[in-house]
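One-based numbering along the sequence shown. Remember, it's 1-based here, ligands and their atoms both numbered in the order they're listed.
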Amino acid sequence: MAIIISSGLITIHTDHTTYQMKADELSTLLHTYYGPRIDDTDMSQLIVPRDRGFSGNPYEVGMFDKTYSFDTLPLELSAFGDGDYRITGFHAEDHLGARALRFRFREAKVLPGKYGLPGLPAVYAKESEAETLEVTLADEDAGLLVRLLYGVLPDCDVITRALIVENEGQNPVRLLKTASLSLDFLYGDFDLITFHGRHAMERKMERRSIAHSVHSVGSVRGMSSHHYNPFVILADKNTDETHGQCFGFSFLYSGEFLFEAEKDQADSTRVLMGIHPDDFTWDLQPGDSFAAPEVMMSMSGEGFGLLSRNFHRTIREHVIRGPWRDRRRPVLINNWEATYFNFNGQKLLEIADTAAACGLDLFVLDDGWFGKRNLDDSSLGDWVPNEEKLGMTLKELGERIREKGLMFGIWVEPEGFSTDSDLYRKHPDWATIVPGRKPDLSRHQLILDFTRKDVQDYILERLTSIIREGGISYIKWDLNRSICDKYSALLPVKRQGEFAHRYMLGVYRILEELLRSFPDLLIEGCCGGGGRFDAGMLYYTPQIWCSDNSDAVSRLVIQYGTSFGYPASAMGAHVSAVPNHQTGRTTPFKTRAVTAMSGTFGYELDITKMSGEEREEIRRQVGIYRELNSLVREGDYYRLSTPDDVCTVWENVSPDRTEALVSGVWHGVEANPPVFYVKPQGLIPDRTYAVSYLDGDSDKTAAVMSGAAIMAGGLPCRMPAMEYDSFLMKLAAV
Ligand code: GLA
């Protein structure tokens, strides 16, 4: 049993971790432990009550006990206004205008399987794989009830947490902050690891000490954002890839979020994660309820590598859904960097012809096929194929592409809204514009008001009809600007603060309905590259275009950062032309393929212009990818070095551990350089492995060694023959 309730003590066990809470004599729900697996010992014994000045005491004990304070106790639900002066996760205003909450434990129960959340992404599992803990707390004066939901996946060492708020009183309540996660560490000296970035350079890892202040990352851009990712790690100071304790938190939400960490006066640390409160209010009328999205947490006692693999596995098996979860993803050709807006039907068919001859699976028609869009300044919203530009109907184009043996995919940006569009001329009130103000433009465009059901229905109708007409098997769902001027013509004044979250619910609804109508459809998420690279999106889109930066060397950094929280099978990665269009850098063709092969593989360049030799090379690369793809999609991922090393090396190991692929890219060349060694992991110690380089047409066997010898002794990486040289090393049990 994963969850044990014994009087007020509630203990959750996963295979290697334990999480515990306890309702005390005042019905305060204390958080007592999260760490390596222990037994059911009551860990509240570690709490040392002390009288700390200016940390007050609840009325019940205030006259005789100055040591009991909400300001110092570790709490399972931290709420504003009850004498807890740290960062708090739950803020609300009652009908008096007061912001003073005090939640008391009511009951706890265990439910079979994993809970779901209405209209929101959530980890899913079979009944045999998970259990749910539901803990109810109430503030009877405010008439508010909070159900804390914990989903426990013991095998994955993952616990999720979400909350449902219900107004069971007689008066309205306004929610101001509903952090899904509130977690207290009684003691510890932690580092915070976050993944920051910008458009075309996302998810760079950054590590800093948590000091006596509030550290936060978040987004108010209407999306999870390129700038800060909703995945963070808290780690002991000495934690590295293979040693030390660390905790990871991943928000299954693609909208605005806030993660905060504070080390308090007594050196305890509190972390919070949830919808960003700066851009959120929610009115709860009597009888109404509100669901806050879920946070997935995991803990590793063996460094970042294991923590990442826990998240990879959970996302691969319990977040990503549908047939594409277990299928080899198609190797695609995308025309964006090949043609940008400048194409016609003939050019597309030529690209498709060459792609088919090179053995690719899917042709993706990117931006510019609809309305009169020949630049990025018009037609978003007019989802009608431009038959003049295509020289044929979308139906015919789809048929001709399929005749070549390719699947047909298409780019859309359903949330974008051009002022130069028929739709805007007809429905200006469908734009997110504050009445009387000039809106902020970005890439010349506005945003469609996805909080509105009529807008959602219009988009659904358009997408459904395009998918049917074109025989579309794949959609790239893009969004190319941050969202501001948040206002909906249909929301009442006091509900305008609900815009950002309602918008996200609208996006999720359309994605869900599309998948219901077209269960085989493969949707690739995209938001100017990786502006919505989050676990929430992966519930709908099994893969996400990782970045608009397709430069192989930049990608090493981006994919390295991304790999901490997300599996390789989710990372959209393409081979593009050189000099690279974003950086101007030239890297060898082979290296671009090695880098892209560690994600969902594809090409984004004009292959019609490539030489016969290069096309032959593409055929070979596709062959390697097909052969090794199950390792990348289903295998375990190990970071063997970092992009700060002279050579970035990573490893994919098959689930049965008999095969591994070690990939490496050199950053620089030197004369007479030292040899660079890496230590592959995850092999079977007493099996023998043949180590060979997949190089040119011949596999050159480099060594035959036991798994134990390779893991302890390491392997030398083949020296570079040129700048940005790379290698693919295969380890196969013999
Ligand atoms: C975004 C995407 C690109 C491409 C363009 C088209 O930037 O990330 O891959 O689709 O839009 O406008």
| Any chance the side chains of Gln456 and Glu513 put a donor and an acceptor closer than 3.5 Å? | no
*Between Trp411 and Trp383, how do the two ring planes meet: parallel, tilted or perpendicular, split at 30° and 60°?*
tilted
### Task
Hey, can you tell me if Tyr508 and Tyr540 have their rings parallel, tilted or perpendicular (30° and 60° cut-offs)?
parallel
(message) Is the positively charged end of Arg321 above the ring of Tyr539, judged by distance under 6.0 angstrom from the centroid and angle within 45° of the axis?
(response) yes
Given side chain to side chain donor-acceptor pair (under 3.5 Å), test Arg555 with Ser547 step by step and report yes or no.
CA-CA 8 Å; Arg555 275 303 186 108; Ser547 175; 4.7 Å; no
Rounded to the nearest 0.5 Å, the CG atom of Asn344 sits from the CD atom of Glu350 at a distance of 8.0 Å
Residues with a heavy atom under 4.0 Å from ligand 1, by chain and number, are Trp336, Asp366, Asp367, Trp411, Arg443, Lys476, Asp478, Asn480, Cys526, Gly528, Gly529, Trp545, Asp548
